Amino acid sequence: MAAQPKYNALYHDDWAWSMAAMGATNEEIADAIGVSKRTIIRWAKEHESFGKALAEGKAVSDAKVIRSLYKRATGYDYTEEKKIVEVDADGNVKPVRVETTKKHVPPDVAAQCFWLKNRQRERWQDRPQDYIQGGDSNDTEVQIYLPDNGRDDT
């Protein structure tokens with residue numbers, strides 16, 4: 001079994017930051033470096049620069065996801081370019097023509113729900129009904145009879 005590498009700030013900090021910025025988990029970073037996940041956690045606690053690199057890298061990837069989720073929830077426009085290559089009757093390639101099309105992605109309800117349930121939890125979270133609200137006072141009473149299962153006999 002190969003020995004685990006010793007921590008080297010000049011080497012491991014940048015590596016951890018770059019992997020975390022691309023969305024890697026602690027376990028994936030550990031696998032790449034050749035150490036255990038516990039070692040990554042220990043290094044983050046024992047070496048301030050490593051912990052900072054890991055946290056900053058994760059913040060970068062989280063920010064990208066947050067921005068994408070926000071754009072998906074609110075909708076956005078983008079420009080699509082299509083390169084068209086044409087050949088004339090003699091087989092000669094004509095200059096490349098570029099078609100530009102403006103497109104719109106509408107807001108996504110699922111992304112909106114996710115955003116609101118997490119950002120405004122008290123206002124938007126799903127809550128099971130604690131009780132069934134009765135109608136008006138003219139409602140009749142309902143009685144439910146359960147069959148005897150023999151468990152109540154002593």
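Since the structure is predicted, the reported quantities are computational estimates derived from the model, not experimental observations.
The shortest non-hydrogen separation linking A21 to S61 is O-CB, 3.3 Å. What you find for A53 and W17 is that their closest heavy atoms are O-CD1, 3.2 Å. For the residue pair A73 and P107, the shortest heavy atom distance occurs at O-CB, 3.3 Å. The two residues P5 and G34 have their closest heavy-atom pair at CD-O, 3.5 Å.
F50 places a side-chain heavy atom less than 4.5 Å from the side chain of I40. Side chains of W43 and L54 form no contact here, defined as non-hydrogen atoms less than 4.5 Å apart. Here the side chains of T39 and S36 are in contact, with some heavy-atom distance below 4.5 Å. You'll find the side chain of T101 stays beyond 4.5 Å of the side chain of K82, heavy atoms only. Between K58 and N26 there is a side-chain heavy-atom pair separated by less than 4.5 Å. For the pair V60 and E56, the minimum side-chain heavy-atom distance is 4.5 Å or more.
Under a 4.0 Å N-O distance rule, the pair E81/K83 does not qualify as a salt bridge.
Y7 OH: more than 12 foreign heavy atoms inside a 6.0 Å radius. Few gaps surround CD on E80; more than 12 heavy atoms of other groups in view lie less than 6.0 Å from it.
Using cut-offs of 30° and 60° on the angle between ring planes, the pair Y11 and W15 is perpendicular.
Considering NZ of K6 and NE2 of H12, their distance stands at 12.0 Å, rounded to 0.5 Å. Rounding to the nearest 0.5 Å gives a distance of 10.5 Å between OH of Y78 and NZ of K71. The distance from atom CE of M19 to atom CD1 of I29, rounded to the nearest 0.5 Å, is 5.5 Å. Here CG of N92 is found 13.0 Å from CD of E86. Values are rounded to the nearest 0.5 Å. In this structure, L69 CG and Q112 CD are separated by 10.0 Å, a value rounded to the nearest 0.5 Å. Atom NZ in K37 sits 10.5 Å away from atom CD in E28 (nearest 0.5 Å).
No continuous path of hydrophobic side-chain contacts links V98 to I84 [ILVMFWY only; heavy atoms under 4.5 Å].
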